[in-house]
2 protein chains.
Amino acid sequence: MLKTRLKEFRAKHNMSQETLARLVGVRRETIGHLERGNYNPSLKLAWDISKVFNVSIEEIFQYTEEE
Amino acid sequence: MLKTRLKEFRAKHNMSQETLARLVGVRRETIGHLERGNYNPSLKLAWDISKVFNVSIEEIFQYTEEE
DNA sequence: TATTTATGTTATATAATTCTAACAAGATGA
DNA sequence: TCATCTTGTTAGAATTATATAACATAAATA
């Protein structure tokens, strides 16, 4: 199961889904779905997002055994 | 552009594509395509592979601006 | 030599991500 | 109140990852 701290990072940076989406070249809805755990991103998207916040991928995304 | 050190890590661990594929639950061909840069993996696959080698995702996969 | 192992490669199918477009609603501020 | 911003949500299309099934070949090894 994918756990993401995306919303938390966005809040910390005072950044809207729309702004983040534009920065990484996807749609706002994609960010929203991601935050709500609707699907697992591509490595590229995860990479781009982590670069925006200047942290490692693992700091934002973690997989855990179910729950 | 995606650069991967997958083949290198496999060699270091003396592990075949087939074995790695089974460990992370994908097909051998998927590992092969990945090593040859045929496509970008899902975050889940990248995560699982990095766990096999006990390193961070970024140690195995890196995106660079073209080349 | 014969056989097994590892990898490359390709074509088609399936599943998942992402796009696109739309509507709704709460919060905020003029 | 009215307008704007932000997020939720949904349905269908488009794109991409991955599965599946073949066949080929080179290396290793019995």
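Lettering of chains follows the sequences in order, A, B, ..., and the numbering in each one begins at 1.
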Worksheet item: Mind checking whether B:L23 and B:M15 have side chains closer than 4.5 Å, heavy atoms only?
Response: yes

Worksheet entry | Check: A:L34 and A:I49 side chains under 4.5 Å, non-hydrogen atoms | yes

Under 4.0 Å between a side-chain N/O of [X] and OP1 or OP2 of [N], yes or no?
| X | N | answer |
| --- | --- | --- |
| B:Q17 | C:dT5 | no |
| B:T30 | D:dA19 | yes |
| A:R36 | D:dG8 | yes |
| A:N40 | C:dT17 | yes |
| A:R27 | C:dT20 | yes |

What's the [atom1]-[atom2] distance between [X] and [N], to the nearest Å?
| X | N | atom1 | atom2 | result |
| --- | --- | --- | --- | --- |
| A:L20 | D:dT7 | CG | P | 10 Å |
| A:L43 | C:dT17 | CG | P | 14 Å |
| B:L34 | D:dT16 | CG | C1' | 13 Å |
| B:E18 | D:dT20 | CD | P | 13 Å |
| B:R22 | D:dT20 | CZ | P | 13 Å |
| B:Y39 | C:dA15 | OH | C1' | 13 Å |
| A:R28 | D:dT9 | CZ | P | 11 Å |
| B:N14 | D:dA28 | CG | P | 13 Å |

Fill in: First of B:N38 and B:M15 reached from the 5' end of DNA chain C, by closest nucleotide
B:M15

Discussion item. Using a strict heavy-atom distance below 4.0 Å, which residues from residues 5-12 of chain A are in contact with DNA chain D?
Written reply: A:K7, A:R10

Worksheet item: Got a donor-acceptor pair under 3.5 Å from the side chain of B:E29 to the base of D:dA21?
Response: yes

Worksheet entry | Distance, nearest 0.5 Å, that separates CD1 of A:I31 from OG1 of A:T19 | 10.5 Å

Worksheet item: Could you state the interatomic distance from CD1 (A:I57) to CD (B:E58), rounded to the nearest 0.5 Å?
Response: 4.0 Å

Item to complete: Could you walk me through whether B:Y39 and B:L2 pass the side chain to side chain contact (heavy atoms under 4.5 Å, CB included) test, one step at a time?
Response: CA-CA 8 Å; B:Y39 48 58; B:L2 178 61; over 6 Å; no

Discussion item. The side chain of B:H33 is closest to which nucleotide in this list: C:dT10, D:dA17, D:dG8?
Written reply: C:dT10

Discussion item. Can you tell me which nucleotide in C:dA22, D:dT6, C:dT18 comes closest to the side chain of A:S16?
Written reply: D:dT6

Worksheet item: Going through the checks in order, is the side chain to side chain contact (heavy atoms under 4.5 Å, CB included) test met by B:L6 and B:F53?
Response: CA-CA 10 Å; B:L6 194 43; B:F53 298 118; 3.9 Å; yes

Worksheet item: Within the side chain of B:R28, is there an N or O that forms a donor-acceptor pair under 3.5 Å with the backbone of B:A21?
Response: no

